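Input: a single structure, listed below in structure tokens.
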Amino acid sequence: MRQHGTWQGDGIYFGADYNPEQWPEQVWADDVALMRRAGVNLVSVGIFSWALLEPSPGRYEFDWLDRALDVLHAGGIHVDLATATASPPPWLAHRHPETLPRAVGGGVLWPGGRQAYCPSSPVFRERSLALVEAVADRYAEHPAVVMWHVSNELGCHNVHCYCDVSAEAFRGWLRERYGDLDRLNDAWGTAFWSQRYHDWAEINPPRSTLTIANPTQQLDFLRFSSDEQRAQLRAEREVLKRRVRQPVTTNFMIGMAKHMDYHSWTSDVDLVANDHYLMATDPYAHLGLSFAADQTRSVAGGDPWLLMEHSTSAVNWQPRNVAKTPGQLRRNSLTHVARGADGVLFFQWRASRAGAEKYHSALVPHAGPDTKVFDEVCRLGADLAALAEVRGSRVEAEVAILFDWEAWWGVELDSHPSVDVTYPDRMRALYDALWRAGVTADVVHPSADLSGYRLVLVPTLYLVRDADAEALHRYVAGGGTALVTYFSGIVDEHDHIRLGGYPGAFRELLGVRTEEFFPLLAGERVALDDGSTADVWTEWLHPVGAEVVASYEDGPLPGVPALTRHRVGDGTAWYLATRLDEAATDALVGRLITEAGVRPPAAAPTGVEVVRRRADDRSWLFVVNHTDAEATLDVTGTDLLTGQPCGGTLRVPAGEVAVVREEPAVSGAVPAGEPSPAAAA
Ligand code: GAL
């Protein structure tokens, strides 16, 4: 486990971004007293402090930060110290306007918000690394500092820059990737529309065009842009590693961000940290939270990870910012812990009086500590202290969902058969069906080792590499069960169609051949002969060895198969060629988990989330009751949150959470072929 030895102190981390520079120093002592009252033990400091730490080029003012860190240390609060490079000071753009990013149409994106720098700018790189050096030299030995926080949400706002500096960097990246222009021309399919390049200097980022831009050019620009952000992380990390001994991390945005390929970033951090915010428009936002947590754990290779930010209540950046109802903060935070987080931090400690985020919730609201939010914060602090023994344990999952950022980028390029086919759509539909069935899933890259899973779900894997498609075939032939959904296996890594019939890379595995897509109009529905309905997508599919499970009854293709099942070696590969409604998706996933012998950690009513963490000979069952009714589960052990034993029956009131140390520990191993009781029910 990579992160072992990287966590300091005991137990679960609890805290927030702390921005003392927004407040008079008299407030700092109150802050520390309140932190102690709440049980806070870790704060991230200095994230947006560049303009104060370096008021003019090369002139550093650390006195205020010295005092802030000393106050925190005296109060026993650990510090995750930022490199402070997240947002450059106004003087940088003033002196070096060429560091400003440019939008796709060429317009300058000015300072006044944050992160206003071109990610490929050598000037930004030089100035930011000079700051990292100065901060690291000053605080490497400060006793409060237990962790380093590179930048902040790299790529959140500035991931795609179209300026001339970026164009030059893009050309350099392409030279590395392709070596010569012939290979680039082949990969980009430039025989089309008179696009052949004869000189590297002719190539640009995919800036605003009159019509559809070359799709492989777009895809490569997305790859390049993710790599440029990663390069900043690596450069800062390198400076830190020469100077500090504490672990280095940065906050990812897994579950929210499309444009950073975090699978390729993991080796650049000592521990994976993530930020997550609920989306008010998601009717199943708490399932989205679980998805993000499961994916973060998977990106961390199954190791414990740190929730660097979430919110105590409303955020300020959605059109309608919904506050959390009583108990929701606790359910949200403990769900992250259930799914592998060993630390729970928030944005931010004290709600700001001024600035763009003054309506964002915090641990200490504008109304002060005598509030529902601060009460819940204190309760959470006590909960997390009671969960100390869970730290370092791992979550077990028998199901994998394949996820690849490149497949996301590919499938959502323009000029495709239907705008209604998006990557998160079927990803979440399948995940949510598993969630409702009480089954824990890992969310892994297609190149991950699949051998330990009983079931593998493959939603919309539009772009897939040969090696990954072959690995899925081997997994099934070896006895696994897989489900592939429509518009998967269609193109290779250059976005070139795999010829001979869809779904290209998975044709043999699935035992089908599709000759033409028949996308549906907005709102159009089709009926299937098993009683279910579907929308968005149908296709003219021929079974080539696969058994037909369900066919269309109406729509453009009556009688054509929509769901098939194919025996391959010792396993089974299913293909779903349409977008099933929610009930039918739940039924299909229920059938798959039964057939594959997947078993939830414990039988529980729908809406009661149950996850097991294990370490050696101990296990803990997390039970989060999202329903309006008390839930009863068969569990034996001690609830760490109440200290009460439960001898066979655990009662969890509506909206509450229990974390039971199971006595004796329960093994996650499931006897082969044993059906899931919950799924069968
Ligand atoms: C994050 C960011 C924080 C704060 C927060 C508000 O994206 O890292 O600095 O802006 O969102 O929700």
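Just so you know, ligand 1 is whichever comes first in the structure, and atom 1 is the first atom listed for that ligand. If you're wondering where the values come from, they're calculated on a predicted model, not measured in any experiment. The analysis underlying the following values was restricted to heavy atoms, covering all of them including side chains, and did not include hydrogens, waters or symmetry mates.
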Determine, using ring centers only, whether [Y] and [X] are less than 6.0 Å apart.
| X | Y | result |
| --- | --- | --- |
| Trp405 | Phe403 | yes |
| His626 | Trp435 | yes |
| Tyr139 | Phe62 | yes |

Does Arg114 approach ligand 1 within less than 4.0 angstrom via side chain, backbone, both or neither, non-hydrogen atoms only?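 The answer is the side chain.
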Test of proximity, [X] against ligand 1: N or O pairs below 3.5 Å:
| X | answer |
| --- | --- |
| Asp17 | no |
| Asn316 | no |
| Asn251 | no |

Residue pair [X] / [Y], side-chain donor-acceptor N/O under 3.5 Å:
| X | Y | result |
| --- | --- | --- |
| Asp31 | Trp349 | yes |
| Glu236 | Thr85 | yes |
| Asp70 | His142 | yes |
| Asn316 | Asn321 | no |

Looking only at protein heavy atoms, identify the closest one to atom 6 (C) of ligand 1 and say how far it is in Å.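 Answer, as residue, atom name and distance: His360 NE2, 3.1 Å.
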Provide, to 0.1 Å, the distance between atom 7 (O) of ligand 1 and the closest protein heavy atom, together with that atom's residue and name.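 Residue, atom and distance for the closest contact: Glu153 OE1, 2.3 Å.
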Quick check on contacts: which atoms of ligand 1 are under 4.0 angstrom from a heavy atom of [X]?
| X | answer |
| --- | --- |
| Glu357 | 4 (C), 5 (C), 6 (C), 10 (O) |
| Asn152 | 2 (C), 8 (O), 9 (O) |
| Phe48 | 9 (O) |

Ranking Gln348, His276, Glu309 by closest non-hydrogen atom to atom 3 (C) of ligand 1, top hit is Glu309
